[in-house]
Amino acid sequence: MLKRYKTLQQPWMKSVLLIQDEILSALRDFLRSEGFIEILAPIIGPVTDPGIRGAQQVTINYYGARFKIMSSMILYKQMAAASLKKVFALSPNIRIEPLETIATGRHLAEFRQLDVENAHANYYDAMSIAERLLAYTCKRILKNRRNELQFLERKLEIPKVPFKKLTYQEAVEMLKAEGFKIKYGEEIPWDAERFLSSMFEQPFFIIDYPLSARGFYDREDPERPGILRDFDMYYPEGYGEAISGGEREHTFKAVVERMRLTGENPADYGWYLEMLKDGIPPSAGFGIGVERLTRWICGLKHVWDAVPFPKVPGIVSP
Ligand code: ASP
Ligand code: MG
């Protein structure tokens, strides 16, 4: 294998990094044009995102206290949205992914996520922001980085808004009809996810996940118990999950009940539960992984080709 500093000098890698630079500007420009305010995310804190699907969090000793490195800043963006209403932050996340995720080609142990949160919005508002954000970003790349896309032999089109929406139940039925063994209520397994994604030529949403598949902060629909007002966005062509998002469970009582269901100890969530007890507005939002976005836009086989200094699960590297 090439040394990393040599890889960074390869013409294809330079094209990827130039495209990534334009992606970062486009994401920020779009959100600002929609009235979102950029905030600085925490990197460590007493709590972090528990809903990370089999990955482990990293704990550090912070002057004698147990602190986590952010697996995502979800709980903190709710705090900021209660003040500024529309916020976003771009920050690194650490998730010690199981070794077998290396086979998906789309997991990194360190990645950057653009987190978006909008007070008083519902999950349809959040999906509208997400799909227009993606379409705008593609438009910018086609305008300003056409040569680099050509060099990578990537044919990119601006996706058509609004994106198709499948319910989780519809997705599971489609997959079952193709021979996948999935039980209603589970997360969609990696191989099924890739297959589903390869059935589409445009990005699409899966909405309304079952309560048992997600962490405590995705809001349960009061009119449809057991169903969450949340979504994932999938890239087409087999690239799989792009975004997770939804409305937030935000009342103290509901969150404590959900924590009990997901096996979280409410005592671990000190400041967060105090904040909810005082009361915060409802909100909705999502997180989009920057390396996966770059991978899809550039048409790369592996997500670790979409970042200058990759941390591939299980591999010790710069
Ligand atoms: N916290 C979610 C994640 O990291 C994103 C979100 O719901 O905003 O997948
Ligand atoms: Mg997700």
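We count ligands from 1, going down the list as the structure has it; atoms in each ligand are counted the same way.
- Near Y217, meaning under 4.0 Å from any of its heavy atoms, are these atoms of ligand 1: 1 (N), 2 (C), 7 (O).
- Salt-bridge formation is detected for the pair R145/E148: a Lys NZ or Arg NE/NH1/NH2 atom is positioned less than 4.0 Å from an Asp or Glu carboxylate oxygen.
- In K77, the part holding a heavy atom less than 4.0 Å from any atom of ligand 1 is the side chain.
- The shell of residues lying under 4.0 angstrom from ligand 1, judged by heavy atoms, excludes G246.
- A salt bridge is defined here as a Lys NZ or Arg NE, NH1 or NH2 lying under 4.0 Å from an Asp or Glu carboxylate O, and R295 with E291 fails to meet this definition.
- Short contacts between ligand 1 and D49, defined as distances under 4.0 Å to a heavy atom of the residue, involve ligand atoms 1 (N), 2 (C), 3 (C), 4 (O).
- Using a 4.0 Å cut-off between heavy atoms, R53 makes no contact with ligand 1 at all.
- Under a 4.0 Å N-O distance rule, the pair R214/D232 qualifies as a salt bridge.
- In terms of N/O distances under 3.5 Å, ligand 1 is approached by Q113.
- In this structure, F205 has its ring center under 6.0 Å from that of F231.
- Close contacts of ligand 1 with R248, meaning ligand atoms under 4.0 Å from a residue heavy atom, involve 6 (C), 7 (O), 8 (O).
- Less than 4.0 angstrom separates some heavy atom of G245 from each of these atoms of ligand 1: 7 (O).
- Near S244, with a cut-off below 4.0 Å to any heavy atom, the atoms of ligand 1 are 5 (C), 6 (C), 7 (O), 8 (O), 9 (O).
- Ligand-side atoms of ligand 1 in range of R95: 3 (C), 4 (O), range being under 4.0 angstrom from any heavy atom.
- Rounding to the nearest 10°, we obtain 80° for the angle at the Mg ion (ligand 2) between E241 OE2 and S244 OG.
- Here's the thing with D218: none of its N/O atoms is less than 3.5 angstrom from an N/O atom of ligand 1.
- Note on F204: it does not cluster hydrophobically with V161, by side-chain heavy-atom contacts below 4.5 Å among ILVMFWY residues.
- A salt bridge does not link K86 with E34: every distance from a Lys NZ or Arg NE/NH1/NH2 to an Asp or Glu carboxylate oxygen is 4.0 Å or more.
- Separation of the W271 and Y76 ring centroids falls under the 6.0 Å cut-off.
- Residues Y184 and Q169 have side chains that never bring a donor and an acceptor to within less than 3.5 angstrom of each other.
- Salt bridge annotation for E170-K165: absent, with no cationic side-chain nitrogen under 4.0 angstrom from a carboxylate oxygen.
- Near S72, meaning under 4.0 Å from any of its heavy atoms, are these atoms of ligand 1: 1 (N), 4 (O).
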